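These notes concern the structure reproduced below.
These figures come from a predicted structure and were not determined experimentally.
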Amino acid sequence: MKSSNILLCTLLWTGIACTSCTPKNEADDAPQNIVYGIVADDYRLETGEVAEGETMSKLLGTFGITPATVDRLDRASKAIFPLRSIRPGHKYTAFIHEDSLHTPHLDHWVYEASMTEYVVFSFIDDSIAIRRDTKPYTLRRTKKSAVINSSLWGAIMEQNLPYALAAEMEDVYQWTIDFFGIQKGDSFTVIYDERFIDDTVSVGIGRIWGARFTQNGKDYYAIPFHQGGKVRYWEADGRSLRKQLLKAPLKYTRISSRFSYARKHPIYKVYRPHTGVDYAAPKGTPVRAVADGTVIFKGWGGGGGNTLKIKHAGNLQTGYLHLSRYAKGIATGKRVVQGQLIGYVGSTGASTGPHLDFRIWKNGKPIDPLKIPQEPAEPIAKAHRAEFDFVRDRIMAELNGDVADDMRITRLDSLELIGFGAVPAGSETTTQTETAKSTKKAETTTR
């Protein structure tokens with residue numbers, strides 16, 4: 001292929017619409033039909049699904065692409081989307097044009113890697129190109145409330161809410177809410193952005209704009225605010241929801257045994273101290289460090305099986321027992337940060353089934369992990385207090401009732417107080433539903 005053609009295709013493929021080599025009358029100002037970023041007006045589109053056992057050679061061969069070209073494509077696409085990643089059941093679309101002799105030619109073959117991502121494989125003249133991109137979506141601001149009958153996840157499913165909402169709420173409240181102590185009658189209200197493709201297909205959630213979680217009759221608010229270069233969540237009084245320790249080192253589990261000095265051992269059938277908390281979970285469930293610290297022990301702990309011990313500030317030490325294996329890179333003397341993956345749930349040592357035995361010591365004395373007092377992280381700075389109060393009042397008003405669109409907080413990174421109100425600095429007012437394009441930059445290569 002001539003160098004001028006390579007430059008032309010590269011420039012066009014990195015734009016919003018891949019218009020290269022697409023016959024088009026420049027005088028035609030009619031709206032274009034854009035499909036996967038390609039002007040599709042002059043193409044015949046064929047769609048299908050990858051069948052079990054189908055390879056790229058077979059799939060592309062039906063459209064006249066030679067094995068030699070597929071081999072070139074395989075080499076060119078490794079850094080963007082390896083061809084071996086093609087999976088059965090995923091949809092594809094072929095863009096075909098016919099020459100003056102009515103001979104069909106495949107210009108683009110698009111593979112849907114997920115509900116939101118797709119890959120464009122292009123064949124123009126003697127060149128090939130690969131572009132990975134995401135579908136445009138709309139953000140729809142939503143407020144939902146639910147009463148919990150069994151668990152947070154159960155309430156999410158009962159109300160037909162996005163599953164991702166449970167994980168996001170657990171991330172927001174992981175230092176504050178005891179998700180293993182949830183009782184029937186606890187409740188929550190949450191404001192969040194939900195992503196939609198074609199205005200109908202939900203593909204996940206965006207920012208959580210605020211939440212109120214009621215546990216044992218106490219309200220725990222989560223107010224988003226931009227401080228220190230990041231958006232984090234704060235209590236209504238300005239204290240950070242972040243604490244020195246996570247509430248638990250793993251998710252989606254249940255407590256099978258609590259801290260006790262006289263527990264009947266399930267194997268040895270005698271009463272002995274169990275100075276930890278057992279979290280029953282499937283083998284392989286990720287285990288994370290509850291605080292920053294240094295690994296001081298990694299090895300076989302007798303009845304505790306594969307064990308990790310981590311030393312933290314404040315003369316605290318944590319232990320993680322019965323692990324099936326350790327995370328990559330974890331070693332004695334290694335520094336870890338809060339939330340870092342350190343191992344996986346197992347059933348090694350004296351164990352009747354997969355679980356994590358989690359322990360905490362202070363000054364060498366065991367303490368109940370479920371009762372350790374927590375100090376919050378840095379609170380809202382005095383210089384930001386007025387802006388925070390404004391955001392908090394608007395968010396809490398929306399959580400507690402209906403508010404007008406212009407009263408909603410829709411931006412956090414550049415808020416300025418003006419008189420008795422506040423506006424995002426240097427920006428126009430956003431609406432409740434806004435069209436968005438994923439911030440992930442499309443990857444393109446040309447050969």
Inset, instruction - Report the C-alpha separation of Y92 and Y111 in whole Å, then their side-chain angles, then the decisive distance to 0.1 Å, and conclude whether the ring-ring contact (aromatic ring centres under 6.0 Å, His included) test is met. - result: CA-CA 5 Å; Y92 66 80; Y111 171 77; 8.6 Å; no

Inset, instruction - Please step through side-chain contact (heavy atoms from CB on, under 4.5 Å) for the pair R131 and F81, ending with a clear verdict. - result: CA-CA 9 Å; R131 174 170 60 90; F81 189 82; over 6 Å; no

Inset, instruction - Apply side-chain hydrogen bond (donor to acceptor under 3.5 Å, both in side chains) to the pair Q338 and W175, showing each step before the final yes or no. - result: CA-CA 11 Å; Q338 187 179 67; W175 298 272; 3.0 Å; yes

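More than 12 heavy atoms of other residues, nucleotides or ligands lie within 6.0 Å of NZ in K143, so this atom counts as buried by the packing criterion. Counting non-hydrogen atoms of neighbouring residues, nucleotides and ligands closer than 6.0 angstrom, the NZ atom of K362 exceeds 12 such neighbours. Residue N216 qualifies as enclosed at atom CG: its count of foreign heavy atoms under 6.0 Å is above 12. By the 6.0 Å contact criterion, CG on N400 is enclosed, its count of non-hydrogen atoms from other residues, nucleotides or ligands being greater than 12.
Donor-acceptor pairing under 3.5 Å is recorded for the side chains of H384 and Q227. In this model, no donor atom of one side chain and acceptor atom of the other lie less than 3.5 Å apart for H355 and S347. A donor atom on one side chain and an acceptor atom on the other are not found under 3.5 Å apart for H322 and S351. In the model, D178 has no side-chain atom that pairs as donor or acceptor with a side-chain atom of Q215 under 3.5 Å. Y43 and D107 share a side-chain donor-acceptor pair at under 3.5 Å. Side-chain polar atoms of W153 and E158 form no donor-acceptor pair below 3.5 angstrom. Counting only N and O atoms by type, the side chains of T318 and R359 include no donor and acceptor under 3.5 Å apart. A donor-acceptor pair shorter than 3.5 Å cannot be found between the side chains of E117 and T134. Defined by atom type and a distance below 3.5 Å, a donor-acceptor pair is missing between the side-chain atoms of D186 and T214.
Within the structure, no pair that satisfies the salt bridge (Lys or Arg N to Asp or Glu O under 4.0 Å) test touches residues 80-93, not counting sequence neighbours.
Contact annotation: the side chain of F188 approaches that of M169 to within less than 4.5 Å [non-hydrogen atoms, C-beta and beyond]. Contact annotation: the side chain of D292 approaches that of R335 to within less than 4.5 Å [non-hydrogen atoms, C-beta and beyond]. A heavy-atom distance below 4.5 Å is not found between the side chains of D393 and F390. At least one side-chain heavy atom of R394 sits less than 4.5 Å from a side-chain heavy atom of M407. Annotation: side chain of F95 is in contact with side chain of V110 (closest heavy-atom distance under 4.5 Å). Under the 4.5 Å side-chain criterion, counting only non-hydrogen atoms from C-beta, R44 is not in contact with H97.
In this structure, K298 satisfies the cation-pi test against Y326, with its NZ or CZ atom closer than 6.0 Å to the six-membered ring centre and inside 45 degrees of the ring normal.
Salt bridge K243/E235: present, at least one basic N to carboxylate O contact under 4.0 Å. The pair E398-R141 meets the salt-bridge criterion, with a side-chain N (NZ, NE, NH1 or NH2) lying under 4.0 Å from an Asp/Glu carboxylate O.
A distance of 6.0 Å or more separates the ring centres of Y173 and Y220.
Using cut-offs of 30° and 60° on the angle between ring planes, the pair F121 and W109 is tilted.
Considering CD of E168 and CG of L165, their distance stands at 8.0 Å, rounded to 0.5 Å.
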